[in-house]
Number of protein chains: 2
Amino acid sequence: MEKLNHATIQEKLETVEGWTVQDEKWLVKKYRFKSYLHGIRFVNKIAELSERENHHPFIAIDYIVVTLKLSSWKANGITELDLKLIEEYDQLYYSKA
Amino acid sequence: MEKLNHATIQEKLETVEGWTVQDEKWLVKKYRFKSYLHGIRFVNKIAELSERENHHPFIAIDYIVVTLKLSSWKANGITELDLKLIEEYDQLYYSKA
């Protein structure tokens, strides 16, 4: 999968919330939870999805704030897969399941 | 609980493996796992312990490497509680349960 150009990424980011680009190759978002264990539950859902897709974001847990940081190292940048996954992460965050 | 001095912390660190001090107030260790899901399982155990102790380390998951970073913000440094918890983290890592 090929690395996308800046314009394509920016266009996509206008349709999602809270995602930013870091160092031109990482998609980053901070998710906030009402409790620590809500955050941990989200991390487990992200982990399950990541295994299924074989694409693992960097995850940081700072009490009730979970940061996800995603890139495609083989492409040395952001790909269609990354843009697809950030939408799925958001869905997991907003779903009540 | 009071912040410990450098000598007390160093003495303790000689009895554990892989823990270092960062910026004079963080205890840091990187744990490596044989698979991503083994790492995630460890994170869940750490989360459970953290809730029980009401003391939550910063956790970073970078594929099969999990980094824990611990401090006592109220004391603005490392306390007895932190030194007790790093031993418990190690026990969770080395236990097969």
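Note on naming: letters A, B, ... go to the chains in the order of the sequence lines (proteins, then strands), and numbering restarts at 1 for each one.
When side chains are defined from C-beta on, A:K29 does not count as touching A:V16, because their heavy atoms never get closer than 4.5 Å. A heavy-atom distance below 4.5 Å is not found between the side chains of A:D90 and A:I86. In this structure, the side chains of B:L13 and B:T20 stay at 4.5 Å or more apart for every pair of heavy atoms.
Here B:I59 is the residue among B:I59, B:N44, B:D62 with the most heavy-atom pairs under 4.5 Å with chain A. Taking A:F58, A:Y36, A:Y63 one by one and counting their heavy-atom pairs under 4.5 Å with chain B, the maximum is reached by A:Y36. Considering only heavy-atom pairs separated by less than 4.5 Å from chain B, the leading option among A:I40, A:L37, A:I61 is A:I61.
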Problem - Stepwise ring-ring contact (aromatic ring centres under 6.0 Å, His included) test for B:Y89 and B:F42 - result: CA-CA 9 Å; B:Y89 299 161; B:F42 177 70; 7.7 Å; no
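In this structure, the portion of A:S50 lying under 4.5 Å from any heavy atom of chain B is its side chain and not its backbone. At a 4.5 Å heavy-atom cutoff, the contact between A:V43 and chain B is made by side-chain atoms alone.
Environment of CD in A:E24: sparse, with no more than 12 heavy atoms of neighbouring residues, nucleotides or ligands closer than 6.0 Å.
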